[in-house]
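Worksheet: one structure, shown below.
Naming convention: chains lettered A, B, ... in sequence-line order (proteins, then strands); numbering from 1 in each chain. Since the model is a prediction, treat every value here as computed from it, not as a measurement. Just so you know, these numbers use all the heavy atoms, side chains as well, and skip hydrogens, waters and symmetry mates.
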Amino acid sequence: MSILDWFATKNSANKSVTSKLDIPGNLWIKCIACGETLYSKDFEQNLKVCPKCEHHFRLTCHERLNITVDADSFIEIDYDLSPADSLDFTDIKAYKDRIVEANKKTGLNDAIITGEAKINGSDVAIGIMDFGYMGGSMGAVVGEKITRCIELATKKQIPAIIMSSSGGARMQEGMNSLMQMAKTSAALYRHKQQKLLFISVMLDPTTGGTTASFAMLGDLNITEPKALIGFAGARVIEQTIKQKLPKDFQRSEYLQEHGMIDHIVPRNKMKSFLANIIEMTNYHKQKIEETETVEQE
Amino acid sequence: MSILDWFATKNSANKSVTSKLDIPGNLWIKCIACGETLYSKDFEQNLKVCPKCEHHFRLTCHERLNITVDADSFIEIDYDLSPADSLDFTDIKAYKDRIVEANKKTGLNDAIITGEAKINGSDVAIGIMDFGYMGGSMGAVVGEKITRCIELATKKQIPAIIMSSSGGARMQEGMNSLMQMAKTSAALYRHKQQKLLFISVMLDPTTGGTTASFAMLGDLNITEPKALIGFAGARVIEQTIKQKLPKDFQRSEYLQEHGMIDHIVPRNKMKSFLANIIEMTNYHKQKIEETETVEQE
Amino acid sequence: MASSTHLDFEKPILDLYKKIDELQALSDKEGLDMTKDIEQLTQKAELLKTKIYENLEPINIVKLSRHPQRPISGDYIENIFEDFIELHGDRSYGDDHAIIGGLAKFEGRPVMIIAQQKGKTTKENIYRNFGMPQPEGYRKALRLMRFAEKFEIPIITLIDTPGAYPGLTSEERGVAEAIALNLQEMIGIKVPIISVVIGEGGSGGALGIAIGNTVAMLTYSIYSVISPEGCAAILWRDAGMSPLAATNLGLISSKLKELGIIDSIVEEPLEGAHTNYKKVFTKMRAFLKKELTKYSKYSHEELTNQRYDRFRKLGKYTEA
Amino acid sequence: MASSTHLDFEKPILDLYKKIDELQALSDKEGLDMTKDIEQLTQKAELLKTKIYENLEPINIVKLSRHPQRPISGDYIENIFEDFIELHGDRSYGDDHAIIGGLAKFEGRPVMIIAQQKGKTTKENIYRNFGMPQPEGYRKALRLMRFAEKFEIPIITLIDTPGAYPGLTSEERGVAEAIALNLQEMIGIKVPIISVVIGEGGSGGALGIAIGNTVAMLTYSIYSVISPEGCAAILWRDAGMSPLAATNLGLISSKLKELGIIDSIVEEPLEGAHTNYKKVFTKMRAFLKKELTKYSKYSHEELTNQRYDRFRKLGKYTEA
Ligand SMILES: [Zn+2]
Ligand SMILES: [Zn+2]
């Protein structure tokens, strides 16, 4: 089920890449949402949001990292984890070969980077998924890295932030993949027991087993405008119910109306939004620490 | 809002009384649901359930008590509480006079009896409302008696059972009446904190502020077949939405389908049902007590 | 008077002021010195105003509490707090527009605001369902209160509703359960809860977010077990009896303070909050500051015990 | 064979038995002594049967797991437990018929059963939504698990679903949130949880009630990240590749035991649970008794730690 989403969304991902390559020299790109021709540099400066229609283009995990955490504050952890082909899985391609290709394409060992960082000076544990690596699918590496990232947050008593964009579980790892849903959610249980903040940022697209585990478990569930967020794939649902789906089905705004999303945050406001929430939820703890410091002096 | 239900249901209550009085000598009564003529003694022996259509007729609180707790086990508490007219409330009748009348009609000081009792040998704190006393409306006495009953259960570490039939808050006591919703629910909060069992039995009819407070807060919410249970009155809702309501609207079966009721229990099974639940939820505690006793010996 | 909508009982005052205006116009036009007359009349008008407002029939206070220009929750949020971040949804069904909630800063520290929100225009009112929440509104409120509790953030609830929505959808999704659960769970929330009725406090639908350590009312707000109209329709079978019902129900702030149902009254301008927003914001800010300061010294246990005791003692009865 | 529905791979066995029957009939009719031939053939049939069932292709096990006569949750509940009291509803939206829950007695002590329920007839299947739960099913399950936790009652979950319902209503009401919350909260439940996949363990929809201290499977049940049909359609774009997908996905009990995804296999009769209900009930009863006895000695902390560690360690990767 989950992987159907991955495929459904895979196509539109390719589309956005293609329209960029159409223009010689890459100085100009064309917005896939409104057709506007944009000067590449302006587009980059606008954080890859179309200035005309505000379409939020997808980012790589490193692009996302750069606009989210304080400069030079990120200390990556667990970068040396890479996928194992425990089922010897082959479809039209061998999973082993897919791993090599994905690594070549993205430079990543798997579909997520994790680490410690600061946001406006506050410590956080952060994980950022990359849809470019096998549709951001969650295999054992993604699950393990998210789990360790959350465990680190629990240990250090700091907030955790996971920014998802993922087609769900990774079929090629079979049940080992499904179990990552349980593992990541379990880690969040312990984080929550310590009354720590978890913000889930669901980015375009977040579907399947990713949505049905850690991504829906934020103290706050945040998203960008018009991101695709869902469990089952739209085509599967249409086949099941034999009806057309609503126009904004599984988009941020739809999910907010249905009670699942706390707040839709435009890309240029995301960092300050996160900082604000972290500050407010840290207020009491800091106050106590200050008092204790004063008393000790 | 709540009191509209009381009025709506008041009429049908009268109907059932009337149909009984129609027959001279009261040897025979006519079922208001199916029209069947029933021999009075059989009807009583069948716990006032029509043997033909299984319509559950309303019971007084003492009738209900008799078929629910072990013989001679009930120790009433707080029987000496009676209503005060704190607002000097008069409508077409003075509230003071209504109090006198209701007392004369029912022999009760207010719309509930509370106490300690045993059900198949197990201790419980129990409260049973009486719709015959001013439509079972909840004023300060009802609220106080329920609260004390629950507090007793908390203190003695035993289950609490409240069997409701009530039109909701009692208008003539104004805001003092509304506050009973908060007070009874607060008492249940403390009972719940001690991991004690609360079974709410909602009987025909349970509406308004009664439903929207203690009656919906059972670990288990139980009812008899086809009981009327709701918040707003059906007529008010029809006026609001300008639509006909579903046929079984606000009936036990409807509420169960909508997730609010754990189990619908026919009257002749109610006592054994309650005993069963109490036994199962007491099992662990009893096991521990037995072990401790053995160890002490 | 700032407001453009006038209520019946204001007519004598308005007539006097109109007369004063006419006199002034006449004096200007004819060049006559009518200062003294005008002064006298103004004084009279002021006296009349005070007399009328200090002796308002409850039914007129009901009208003030529903005044179309009366400040609504959104006005307080915008003017008393900074950096409001609205947080949506109950995480299981929907986002109710009749209850808004979110984090904000008050005097530099974070607070969680839960507020029933009416509209001022017809369009807004339809969007807000006329301030009548459905179950998901109460569930959102509880979710956000638990969030606040987790991070030791005090809660402020603003009450302004004719009641929970009496509709089919509301019953289907268990509005009674949703309100009941809030009554139970709010008692145990380990941060301060300050509740203020700012307009209509309609029955269980109001109570469902009003389990505060302190429960206050604005001067001309009401808090009632049933609307006077509903009460009259039931008890007298005559909607014309609403004024008497309003009186009997004891739904005005002064009466409820006297009965011990509420703890404080946040003072409105004599002619109502709608005539001077700034003034009522100032009073509200001062009130909240005082309460938050007070409870900031309470432990978790003191907070929940104080709240329990506050509601535990309510209700008059006789005991032999 | 007790069953009336036969699967393709059973044909060679059935043919042999048919031949034996014919031989017997012939021998009876003609008065010939064919005992030896019949004996030989029967032996051959038994050998063939063993060989076939012990070497079933995963896709055939998929078929067995979905066999229309396979015992469903209701059968286990009825035959292994006493005094089952079904408890309905999620207390906020509805009662999902694809997940049933309730209290029962097992060997004299109370247990809470949470079970995905398919139907056997078309009518039942429609009523049970073919065993595909909606959000309210998962929420009911969590509510009942918390009830069980409160009263120290062990929990048994039976898994049998093609997956959570992939429909509009399910998405609207947040099926992803409902499953996610169960994954998180079940980890912390302070009573033993025993989970058994009895038929189809379909992806997240199965996992949503399968966070057990022990997770077991019946021999011919399956547990998979995606259905073989779905997998084939996506990866090969050819539904005909389902058999290979079934093999690659590693969804059968023996493989999952080997991978450490599940802890135990509850043995079915050689020809499948549907051929001998009694046998499988006996095995299930013994299994549950053993597990419940084991965990009855665990403290709250041991239970939640064991469960955490069980899931924490799952997933293979390489670390430089
Ligand atoms: Zn554009
Ligand atoms: Zn009948």
Side-chain angles (χ1 to χ4, degrees), chain B residues 120 122 157-160 188-189 191-200 202 211-212 215-223 225 229 231 252-266 269-270 272-291, chain D residues 81-97 99-113 127 133-155 173 178 190-192 292-293 295-300 303:
Chain B
N120 285 10
S122 293
Q157 299 276 301
I158 56 177
L188 283 172
Y189 177 82
H191 188 255
K192 181 181 168 185
Q193 290 301 99
Q194 301 286 315
K195 296 187 186 261
L196 298 167
L197 175 69
F198 172 51
I199 303 180
S200 169
M202 287 179 261
T211 318
M216 268 295 166
L217 296 172
D219 288 302
L220 300 184
N221 290 339
I222 305 303
T223 177
I229 302 166
F231 181 56
S252 306
E253 296 71 17
Y254 175 92
L255 265 89
Q256 182 174 290
E257 271 313 297
H258 285 90
M260 303 301 150
I261 294 290
D262 284 274
H263 206 91
I264 299 168
V265 187
K269 300 270 170 64
M270 183 64 81
S272 65
F273 180 92
L274 296 174
N276 234 325
I277 298 290
I278 292 168
E279 188 203 329
M280 291 205 241
T281 52
N282 268 343
Y283 180 87
H284 180 80
K285 205 188 276 186
Q286 238 152 28
K287 206 86 186 165
I288 285 182
E289 280 166 15
E290 282 166 24
T291 316
Chain D
F81 303 93
E82 298 104 52
D83 297 339
F84 178 63
I85 299 173
E86 185 169 357
L87 300 173
H88 297 271
D90 67 347
R91 289 279 172 90
S92 67
Y93 183 84
D95 184 46
D96 191 334
H97 303 149
I99 294 188
I100 53 180
L103 289 166
K105 282 178 194 155
F106 178 75
E107 309 263 333
R109 48 181 172 178
V111 292
M112 176 65 79
I113 303 167
Y127 181 74
Q134 302 211 44
E136 43 277 15
Y138 294 100
R139 291 174 184 144
K140 168 168 70 178
L142 183 57
R143 181 176 82 83
L144 295 179
M145 288 190 270
R146 285 182 171 147
F147 178 98
E149 182 181 38
K150 180 171 175 182
F151 299 106
E152 300 279 351
I153 296 170
I155 297 162
R173 299 196 294 268
K190 293 179 187 65
V191 292
L292 288 172
T293 307
Y295 291 118
S296 70
K297 287 154 202 139
Y298 280 50
S299 69
H300 289 170
L303 282 169

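Proximity of a side-chain donor or acceptor of B:Thr223 to a complementary backbone N or O of B:Met202 within less than 3.5 Å is detected. In this structure, the side chain of D:Asp95 engages the main chain of D:Gly89 through a donor-acceptor pair within 3.5 Å. Although no hydrogens or angles enter the test, the distance criterion places a donor-acceptor pair under 3.5 Å between the side chain of B:Asp262 and the main chain of B:Asn221.
The most heavy-atom pairs under 4.5 Å with chain B, out of D:Arg91, D:Glu152, D:Glu149, D:Lys150, come from D:Arg91. Ranked by heavy-atom pairs under 4.5 Å with chain B, the first of D:Ala104, D:Gly94, D:Gly102, D:Gly101 is D:Gly94.
For B:Lys192, the parts lying near chain D are the backbone and the side chain together; criterion is any non-hydrogen pair under 4.5 Å. No part of B:Asn282 comes within reach of chain D, as not one of its non-hydrogen atoms sits under 4.5 angstrom from that chain. At a 4.5 Å heavy-atom cutoff, the contact between D:Tyr93 and chain B is made by backbone atoms alone. Within the 4.5 angstrom heavy-atom criterion, only side-chain atoms of D:Ile153, from C-beta onward, approach chain B. Using a 4.5 Å cut-off between heavy atoms, B:Leu197 contacts chain D through both its backbone and its side chain. Within the 4.5 angstrom heavy-atom criterion, only side-chain atoms of D:Arg143, from C-beta onward, approach chain B.
Atom CD1 of residue B:Ile261 and atom OG of residue B:Ser200 lie 7.5 Å apart, to the nearest 0.5 angstrom.
The side-chain contact (heavy atoms from CB on, under 4.5 Å) check on B:Gln194 picks up B:Thr154, B:Gln157, B:Leu196, with sequence neighbours excluded. Shown here are the side-chain contact (heavy atoms from CB on, under 4.5 Å) partners of D:Thr293, two or more places apart in sequence or in another chain: D:Arg109, D:Lys289, D:Lys297.
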